[in-house]
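Step one of this worksheet: look at the structure below.
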Protein chains: 4
Amino acid sequence: MTSPAHPPFAADKRPRSRRKEARPSELTAAALDLFVEKGFAATRLDDVAARAGVSKGTLYLYFDSKEALFKAVVEEGIVPALAAAEQRFAGYDGTSAELLRGLLLGWWQQIGGTRLGGIPKLIISESRNFPEIAQYYHDRVISRGRSLLRAALQRGIASGEFRALDVESAIDVLIAPLLMLVVWRYSLCACGNDIDPPRFLATHFDILLNGLLADGRKA
Amino acid sequence: MTSPAHPPFAADKRPRSRRKEARPSELTAAALDLFVEKGFAATRLDDVAARAGVSKGTLYLYFDSKEALFKAVVEEGIVPALAAAEQRFAGYDGTSAELLRGLLLGWWQQIGGTRLGGIPKLIISESRNFPEIAQYYHDRVISRGRSLLRAALQRGIASGEFRALDVESAIDVLIAPLLMLVVWRYSLCACGNDIDPPRFLATHFDILLNGLLADGRKA
Amino acid sequence: MTSPAHPPFAADKRPRSRRKEARPSELTAAALDLFVEKGFAATRLDDVAARAGVSKGTLYLYFDSKEALFKAVVEEGIVPALAAAEQRFAGYDGTSAELLRGLLLGWWQQIGGTRLGGIPKLIISESRNFPEIAQYYHDRVISRGRSLLRAALQRGIASGEFRALDVESAIDVLIAPLLMLVVWRYSLCACGNDIDPPRFLATHFDILLNGLLADGRKA
Amino acid sequence: MTSPAHPPFAADKRPRSRRKEARPSELTAAALDLFVEKGFAATRLDDVAARAGVSKGTLYLYFDSKEALFKAVVEEGIVPALAAAEQRFAGYDGTSAELLRGLLLGWWQQIGGTRLGGIPKLIISESRNFPEIAQYYHDRVISRGRSLLRAALQRGIASGEFRALDVESAIDVLIAPLLMLVVWRYSLCACGNDIDPPRFLATHFDILLNGLLADGRKA
DNA sequence: AATGAATGAGCCTTCATTCAT
DNA sequence: GATGAATGAAGGCTCATTCAT
């Protein structure tokens, strides 16, 4: 860690110019891992640098401060996540139930279940200390994600496929299990509790689309 | 600070009764507030002491370290939470739907909606750095809470009130919106998103007990 | 220097309360020495702490930052210097020549020739980087010192003892050799040039009070 | 940075002529500005390079280290200063009073009042940390300047134009106001004090050549 | 010759922890 | 029991210096 040359990484033979372009995302990738694993405060920049295979000073060539690195991690992770999510909704023409299932499952496959899932966990853990980033995340991610779900719900209600219900609350209820999955993946899994995401999601959809109560007993 | 070195909880050799009596809960109360607000690492013991109205040295009369204080906060906050939750189940004889609603709503009223709700948020944020506490929390709280929900679900399925479904996954699906509420209260509220807990819970119950799909279209 | 206990100072047996009062001036005294010797930027707080016989952290019990310490050094050194200087002028009733000589010589004996003389040197070296302190020094020291000299000159001119001349410029001309003495003591002495302060001051007074030109040749 | 390790000036083994030719004085000019303004330690080589319009690496093509650059700044600034000063004395045949006035005023016009005046300020501020440069400055500049003044004073005394007095001290007394002018220009002007150099010099000469005391009262 | 990305030693500052009173 | 002065290890950040291009 403190040896003059970084043994495992010194073998990188790419020309400097080639590496310079790739550097910022190498750094944010390393930082994402550590921020998610240890939290912002407990992550040392030495460790981020070491994981990225650079020296500590190099971090400051690309980011003005630890906090700026944190912002970059969130911003960089979110752009593709957003694009991927919105892509799936454009021009969908199946049932609204399938649409909802597609949105939620797609989120898990593209985001929650990948290393990007660490970002919502980061936001949850750190937003109190970084209100600016929290606001950014709300404006760029949460509100847009909720719009997708809102449109799907309203579409289903309008077509008579879904019962009428309080759409705004329902959005959050739909999201909650997804949130739980990332929380579980990045925190509670250390508790020893075991969740099988596909099975969990299947049950989520099952309850969501069919209801808990048996047919004859509905109120 | 480094988790591998954590002595197990029982390593404290001072007579337990003597210590418990003397340990002022003002200290853990102050610590809970700050841990929840700022996270473990960003909370300074000076601030905890100041909020409790004692000197910093006094903290060390009651807790061996910052980490021990953290453990005490979790332990102390969980005892009443546990008792309150289990109390509501004993000898319940209404419908299983009412039982479920009562359990979930009761949790919010007794725990999630009070300052104790900060504890799950703490566990979520810090469990990676405190696996021992995460384990403790799982064994003492999560597993017992899941047992309550498991029993309610199995009771409803056995009586034909509920459809048969994957009980273990369903437990987590039921819990997820509650988790979301505390996460919202202690983190995402800073994002600017607005959740109305009673309305959110009502929708949760509505979806849960009736299903999203209109009657005639059920698969 | 880095051993756990400070060997030469650990022998200090004064009670804590006694030492606490004395601490700030012990720290500023150590800092004055090093700031004067090395300059502000090149002075390490480790060295200041070591010279004062405390740990580095202790500095921060008394001063918020390195810059705050610097301000304290200047402010603390200046109060007695000011008092001493003004004391000498009150109620003086000899000749104005003697008054001038007394003021200048007194300044050297009370300030310039003592370790307080390092403060003007500090101001000269660092004022560009600390305009706030420079302003402070001007308002509290320079302007008051100039007032003393202005009064003495005007007194002498009014009485016919001195020729009429541009008083404001003359003040600075009177001061210049004193300034040179501290500059010499704290900087240029390292050049190898040798100045004998009493002899230098005697010549200063000689030229000042008698003029360079021989009597018969005066213009 | 640590003075004991300074290699002597002559340690540079590259052919001197080759090096001097290639060394762009734009670099030393930029460095002079910044050293004078901020001091040696607070001047960043990035800033020097930026002001000179080159990259930081280029500095190292011409100077082995920051300290070498500092030496070059002093050396380079002193050559013309020295030449200009000595030029004025050769073959002078007016009165000694005029000679003195010419030397002092000339120094201000050619050196002190130009950007070269920053160099004495630099020497004053940094000589403690660069004894080698201080020595160099003493040998090459101070001693030669003092020789000029010594000769002028001895000439005037020998001719009866000046009173007999302690020549060595008198030299420093003559220099002091000049020193004060550069100190004021590069440091104390930030204090808010206001000096008008021509008026100041006029008063200096007035006091010097005529004396403070009115004729009839001379001791 | 010139560049600028990369380095790593070093310093200011913080804060959990200790201990004399 | 309580205090708070003192400690010292650790981390964020800077910047002189190097070197591949």
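What you see below is based on every heavy atom in this structure, not just the backbone, and it leaves out hydrogens, waters and symmetry mates. Quick note on labels: first sequence line is chain A, next is B, and so on, each numbered from 1.
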Below 4.0 angstrom from OP1 or OP2 of dA1(E), is there any side-chain N or O of Y62(D)?
no
Is there a side-chain contact between Y60(D) and the phosphate of dT3(E), meaning an N or O under 4.0 Å from OP1 or OP2?
no
To the nearest Å, how far apart are [X] [atom1] and [N] [atom2]?
X      : N       : atom1 : atom2 : result
K38(A) : dG11(F) : NZ    : P     : 10 Å
L69(B) : dA16(E) : CG    : P     : 11 Å
F63(B) : dT17(E) : CZ    : P     : 13 Å
F35(C) : dC12(E) : CZ    : C1'   : 12 Å
D64(D) : dT17(F) : CG    : P     : 10 Å
E26(A) : dA5(E)  : CD    : C1'   : 13 Å
L34(D) : dC15(F) : CG    : P     : 13 Å

I'd like to check the side-chain hydrogen bond (donor to acceptor under 3.5 Å, both in side chains) partners of S187(D); sequence neighbours left out, ordered by chain and number.
none
Residue list, side-chain hydrogen bond (donor to acceptor under 3.5 Å, both in side chains) with Q135(D), at least two apart or on another chain:
D139(D)
Given pairs defined as Watson-Crick or G-U wobble with both distances under 3.5 Å, what dot-bracket annotation applies to DNA chain F, with ( ) intrastrand, [ ] crossing, | other strand and . unpaired?
.||||||||||||||||||||
Taking salt bridge (charged side-chain N to carboxylate O under 4.0 Å, His left out) as the test, write out the residues that go with [X], two or more places apart.
X      : result
K56(B) : D46(B)
D47(B) : R44(B)
D64(A) : none

For DNA chain E, the residues among residues 43-59 of chain B that have a non-hydrogen atom under 4.0 Å from it:
T43(B), R44(B), L45(B), K56(B)
Which residue lies toward the 5' end of DNA chain E, L61(A) or F40(C), if each is placed at its nearest nucleotide?
L61(A)
Heavy-atom nearest nucleotide on DNA chain E taken for S65(C) and for S65(B); more 5' hit belongs to S65(C)
Which donor-acceptor pairs under 3.5 Å do the side chains of residues 36-43 of chain C make with protein atoms, sequence neighbours left out?
{"unit_1": "T43(C)", "atom_1": "OG1", "unit_2": "L34(C)", "atom_2": "O", "d": "3.1"}
{"unit_1": "T43(C)", "atom_1": "OG1", "unit_2": "G39(C)", "atom_2": "O", "d": "2.7"}

Between A29(B) and R115(B) the two heavy atoms that sit nearest each other are O-NH2, 3.2 Å
Does a donor on one side chain sit under 3.5 Å from an acceptor on the other, for T28(C) and S25(C)?
no
Which pairs, with at least one residue in residues 125-135 of chain A and sequence neighbours excluded, count as a salt bridge (charged side-chain N to carboxylate O under 4.0 Å, His left out)?
K71(A)-E132(A)
